[in-house]
Amino acid sequence: MKFINNQKSSFSIEITPLIDIVFLLVIFFVVTSKVGDSQFLSLDLPKTESFEYNIVESMYEISVIADGSVYINDVIYNINDVKEIEQAIFELNNSDNSIILSAEAASLHIWIVGIMDILNKNGFNEVQIRTIEK
C-alpha cells in the first residue's frame, strides 16, 4: 500500500555541465568560422544609357608624377613647393573654369587632393581627373 507524502519533492537541474557544453560549442563555432575575404560581395552594377560623359576640353593640364614632380603646362615644380604651385595655378586663366588633372597611379592621393583644393580655391569648378599609364 502506498501512502501519500505531503512533502514536495525538490526538482533541480545541474547547470555546471550545461555551461561546459555551451562554452565548448562557442569555441567550436569561433574556430571553424571563416574570417576574411568571404565577407565581401561581388556585385554586377547595372549599366545606364542616360549617363552622359562630358570630356573637359581645356588648354590647361596639370600632371602629377609618382616621384613628386608636378607639371603645370610643361613647367616642372616639386610637390613640396606648395607656394610655387599655388602661384602657377593662380596665374592660369580660369575663364572656362575647367582643367585637366593627370596623375600616375603610384602618386600619392594626398598630392592630388591638395592640388584639387588649390584648384577649387582659384575658381576651377570643372576638374577632369585622368590617369597616366606607363
Side-chain angles (χ1 to χ4, degrees):
M1 174 166 144
K2 197 170 196 186
F3 295 106
I4 298 176
N5 189 359
N6 289 338
Q7 289 182 337
K8 293 184 178 180
S9 64
S10 64
F11 180 74
S12 66
I13 297 177
E14 284 294 321
I15 198 163
T16 307
L18 182 66
I19 293 173
D20 291 342
I21 291 173
V22 168
F23 279 127
L24 284 174
L25 286 173
V26 167
I27 291 171
F28 174 75
F29 286 118
V30 166
V31 169
T32 60
S33 66
K34 289 184 179 180
V35 177
D37 296 337
S38 64
Q39 296 177 355
F40 299 105
L41 296 175
S42 176
L43 298 176
D44 293 329
L45 298 177
K47 307 284 190 273
T48 180
E49 295 178 8
S50 64
F51 178 73
E52 293 181 13
Y53 178 68
N54 296 326
I55 296 176
V56 174
E57 294 182 11
S58 177
M59 59 184 192
Y60 301 120
E61 182 172 1
I62 299 176
S63 300
V64 181
I65 310 301
D67 64 354
S69 302
V70 178
Y71 292 91
I72 301 175
N73 286 342
D74 298 326
V75 178
I76 190 169
Y77 298 95
N78 190 341
I79 194 68
N80 295 324
D81 299 332
V82 178
K83 295 292 182 187
E84 292 180 15
I85 294 173
E86 286 181 359
Q87 183 63 31
I89 292 174
F90 178 75
E91 292 173 357
L92 296 176
N93 182 8
N94 63 348
S95 61
D96 57 351
N97 293 335
S98 64
I99 196 163
I100 299 170
L101 179 59
S102 303
E104 281 187 349
S107 59
L108 297 178
H109 291 92
I110 193 166
W111 297 344
I112 308 303
V113 172
I115 291 176
M116 288 175 66
D117 186 41
I118 295 170
L119 289 170
N120 188 22
K121 288 178 186 176
N122 287 299
F124 288 97
N125 296 329
E126 292 204 22
V127 178
Q128 182 175 3
I129 301 174
R130 297 181 183 171
T131 56
I132 301 172
E133 295 187 26
K134 290 185 177 182

- Task: Might you point out which heavy atoms bring E14 and P17 nearest each other, and give the distance in Å?
- Result: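 That would be O-CD, 3.8 Å.
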- Work out which heavy atom in E104 is nearest to a heavy atom in A66; give both atom names and the distance.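 Smallest interatomic distance, heavy atoms only, reads OE1-N, 3.0 Å.
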- Message: Could you tell me if the side chain of L119 sits less than 4.5 Å from the side chain of I62, heavy atoms only?
- Response: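 They are in side-chain contact.
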- Please examine the side chains of I115 and I79, heavy atoms only from C-beta on, and report whether any two atoms are closer than 4.5 Å.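 Yes, close enough: below the 4.5 Å cut-off.
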Do [X] and [Y] land in one hydrophobic cluster if side-chain heavy atoms of ILVMFWY residues count as linked below 4.5 Å?
X: I129; Y: I89; value: yes
X: L108; Y: Y77; value: yes
X: I21; Y: I27; value: no
X: V75; Y: I99; value: yes
X: I118; Y: I110; value: yes

Enter the distance from [X]:[atom1] to [Y]:[atom2] here, rounded to the nearest 0.5 Å.
X: M116; Y: H109; atom1: CE; atom2: NE2; result: 11.0 Å
X: D74; Y: S63; atom1: CG; atom2: OG; result: 8.0 Å
X: W111; Y: L101; atom1: CH2; atom2: CG; result: 13.0 Å

- Message: Tell me whether the count of non-hydrogen atoms from other residues, nucleotides or ligands lying under 6.0 Å of CD1 in I15 goes above 12.
- Response: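 Counting neighbours around CD1 of I15, 12 or fewer heavy atoms of other residues, nucleotides or ligands fall under 6.0 Å, so no.
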- Message: Can you confirm whether L18 is buried at CG, in the sense that more than 12 heavy atoms of other residues, nucleotides or ligands lie under 6.0 Å from that atom?
- Response: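 Above 12, so yes.
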- Message: Show me the pairs that pass side chain to side chain donor-acceptor pair (under 3.5 Å) and involve residues 78-88, at least two apart or across chains.
- Response: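 Residue pairs with at least one partner in residues 78-88: Q87-E91.
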